[in-house]
Amino acid sequence: MARILITSAIPYINGIKHLGNLVGSQLPADLYARYCRARGDEVMFICATDEHGTPAELAAKKAGKPVAEFCAEMHEVQAGIGARFGLSFDHFGRSSSAQNRALTQHFAGRLADEGLIEEVSESQVYSHADGRFLPDRYIEGTCPNCGYDKARGDQCENCTKQLDPTDLIEPRSAISGSTDLEVRDTKHLYLKQSQLKDKLSAWIDSKTDWPVLTTSIAKKWLHDGDGLQDRGITRDLDWGVPVKRGTEDWPGMEGKVFYVWFDAPIEYIAATHEWADKTGGDWERWWRTDKGADDVKYVQFMGKDNVPFHTLSFPATIMGSNEPWKLVDYIKSFNYLNYDGGQFSTSQGRGIFQDQALDILPADYWRWWLLSHAPENSDAEFTWEAFQTDANKDLADVLGNFVSRVTKFCRSKFSEALPEGGVYGEAETKLIGDLTTKIRAYEAHMADMEVRKSATELRGIWVAGNEYLQAEAPWTTFKTDPEKAAMQIRLALNLIRVYAVLSAPFIPEASAKMLSGMNTLDTSWPDDVDAALQALPAGHEFTVPEVLFAKITDEQSAEWAERFAGTRD
RNA sequence: GGCGUUAUAGCUCAGUUGGUUAGAGCGAACGACUCAUAAUCGUUAGGUCGGUGGUUCAAGUCCACCUAACGCCA
């Protein structure tokens, strides 16, 4: 039994995420977690909300709530949506937790002790009206290059010229619109990542089995231009982890907080600590190689935009601490999911948001479609037409109808119990061999986190059942040899249980319905297919389940395409 | 401007370290079946693998250049 630590990139707190966020990290992470558990591994599956930083403060302000209250509420909302999608986190934490505060401060202290922290003085724009320093992108003004009057302090999106906030003509706060700005000197802590460059580089080079997407992004940041740059890890904000050196105050850093990208990945560890505090479990057993974590396999899931932080910044924090923390063993990264020819956009309200998706269809439809089209090798495209066609074909026609035809046939010709009699012939032997091959292939793809290939293989396993029925035609056999038909349908009913077990990582709700219909709690994995197809004996009673997957109609598809074309809010 | 990723049948994608007639699903056409959510199963049609040149006995698969899309960075 292996021990697998799984983390999904932690979603930002400022609003409800769209489906692109789901398929890029949480959903495939859940697929893997469920699969590992089903195979008997000991799994710790961690996620959390990423709560610090300016966008959270602004979103809270917009909602008219104190930021802590806003975050607490949004955390519950996101946790609720995750639960409805069937995300099986062992713990869904919060980066604003006391555990993360302590751990973040601890890491900063360790890094300072190791000589990897540097104090840098820099100039930043302070807004009197807002009572705060403004991040570059929250300063607006007229572009000195093209005259565009809504250029941001980091870049003019009209002419794409990179800017410094002081370049702007008539700069103003993007938050309040105030022009009462002042350039002030302020001191910040920098993590000297450049000193760890060789170590990080060697580490990345040793990961020859990682996806190209992951390593190519990491290498680009390591070697591009002047190489890996030192990184500011503090900000002049109120909302965040207060800057401390371990448990000690940090002279000169009063009133400052750690940058959100410094504390967010540390929350993976802290969330496990939160889990331990809640359950009485042992979190260090998962994270400290000197305290039992040396046999843990740690896998991270994330979208490609998060790769630099997980391949470089966070490992730099871990390595730099010079303490025996668990480093990631495998990073599975994803490209983007596009929506009807463009990008999903949180800010523009374009695409489908997670709560909306659940309002129109059960989670399994989304889980199946998104996972079977996971953007593993390149950006993928969501269209309503494809979604409707694929979901109907795969879920309703191939799997759902299989369950339906088998159970209803048995009910009408025999009873709502597995019929007895008959012995296997050539066709059954062949089916068992075929299924064994396919299931072994499925296992291999799942173990490799090849999401699309796993889905394809699983679908093939479903199809094999229909092929068998079509070829053996128990409805015909029944007329001349009822015993043989009984054997065939007994096998097919057992196949439903096997399908439920195999499919559970993808479609847990439907899987539960299938098991419930088959009136069994036996979720044992079909290591031995022959034996698995005899798990339910003759005489075992079942009920015909309700329709597993209703089809998506043309009207629904058209209406939803219309409804989600525009913007939200 | 630099770098990266991608470019394979109408659509969505597979194609291991270069090696016999380039694969799957969907869609299409035709056929079989009638237990089932008008579901299922089978057969067939469809690609000079973005373009040009090169390496090689042999290239979708390596190299160069070009084009296009997307992304990152200046």
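Here is how names work: the chains are called A, B, and so on, in the same order as the sequence lines, proteins then strands, and each is numbered from 1. Any value given below was found using the heavy atoms of this structure, including those in side chains, with hydrogens, waters and symmetry copies removed.
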query: What string of B, S and - do you get for nucleotides 32-41 of chain B, 5' to 3', if B is base contact, S is sugar-phosphate-only contact and - is no contact with any protein heavy atom under 4.0 Å?
result: -SSBBB-SBS

task: Would you kindly give the NE2-to-P distance between A:H373 and B:rC26, to the nearest whole Å?
output: 12 Å

message: Surrounding NZ of A:K207 (heavy atoms of other residues, nucleotides or ligands, distance under 6.0 Å), is the total greater than 12?
response: yes

task: Please state how far atom CG in A:N392 lies from atom P in B:rU12, giving the value in whole angstrom units.
output: 19 Å

- prompt: Does the side chain of A:Y365 pick up a donor-acceptor pair with the side chain of A:Q388 at under 3.5 Å?
  reply: no

message: Using atom P in both nucleotides, what's the gap between B:rG1 and B:rU8 to the nearest angstrom?
response: 26 Å

statement: Rounded to whole Å, CZ of A:F387 lies from P of B:rC11 at a distance of 22 Å

field: Atom C1', compared across B:rU61 and B:rC70: separation rounded to whole Å
entry: 23 Å

field: Pairing partner of B:rA38 (Watson-Crick or G-U wobble, both distances under 3.5 Å)
entry: none

message: What is the separation between atom CD on A:E457 and atom P on B:rA24, rounded to the nearest whole Å?
response: 14 Å

task: Report the base-pairing partner of B:rG10 (Watson-Crick or G-U wobble, both distances below 3.5 angstrom), or none.
output: B:rC26

- line: Scanning both residues in full, the closest heavy-atom pair of A:P508 with A:R367 reads CD-NE, 3.3 Å

- request: Measure from CZ on A:R452 to P on B:rC26 and round the result to the nearest Å.
  value: 16 Å

message: Distance check needed: B:rC13 C1' versus A:D390 CG, whole Å only.
response: 11 Å

task: May I have the distance from A:D394 (atom CG) to B:rC26 (atom C1'), rounded to whole angstrom?
output: 9 Å

message: If only side-chain N and O atoms count, and only distance matters, is there a donor-acceptor pair under 3.5 Å linking A:Q193 with A:Q195?
response: no

- request: Give the rounded distance in Å between these two atoms: CH2 of A:W368 and P of B:rC26.
  value: 12 Å

query: Quick one: is A:R459 getting a side-chain N or O under 4.0 Å of the B:rC26 phosphate, OP1 or OP2?
result: yes

- request: Could you measure between the two P atoms, the one in B:rU56 and the one in B:rU16, and give it in whole Å?
  value: 23 Å

message: Give me the distance, rounded to whole Å, that separates B:rU17 from B:rC62 when you measure between the P atoms they each carry.
response: 9 Å

message: Counting only heavy atoms from other residues, nucleotides and ligands, does the tally under 6.0 Å from CD of A:E385 exceed 12?
response: no

A:W368: which of A:F549, A:F85, A:F387, A:F506 passes ring pair (Phe, Tyr, Trp, His ring centres under 6.0 Å): A:F506

- line: In Watson-Crick or G-U wobble terms, with both distances under 3.5 Å, the base opposite B:rC3 is B:rG71

message: Working note: A:F382 + A:I352, criterion side chain to side chain contact (heavy atoms under 4.5 Å, CB included); need CA distance, chi angles, decisive distance, verdict.
response: CA-CA 10 Å; A:F382 177 94; A:I352 312 161; 3.6 Å; yes

message: Taking only the P atom of each, what is the distance from B:rG47 to B:rA24 in whole angstrom?
response: 15 Å

- prompt: Just wondering, more than 12 heavy atoms not from A:E420 lying within 6.0 Å of its CD?
  reply: no

- request: Could you work out the separation of B:rC13 and B:rU6 based on their C1' atoms and round it to a whole Å?
  value: 13 Å

task: With C1' as the reference atom in both, quote the distance from B:rA7 to B:rG50 in angstrom, rounded to an integer.
output: 6 Å

- line: Relative to its sugar, using the 90° cut-off around 0, the base of B:rG53 is anti

- prompt: Roughly how far apart, to the nearest Å, are B:rG27 and B:rA45 at atom C1'?
  reply: 13 Å

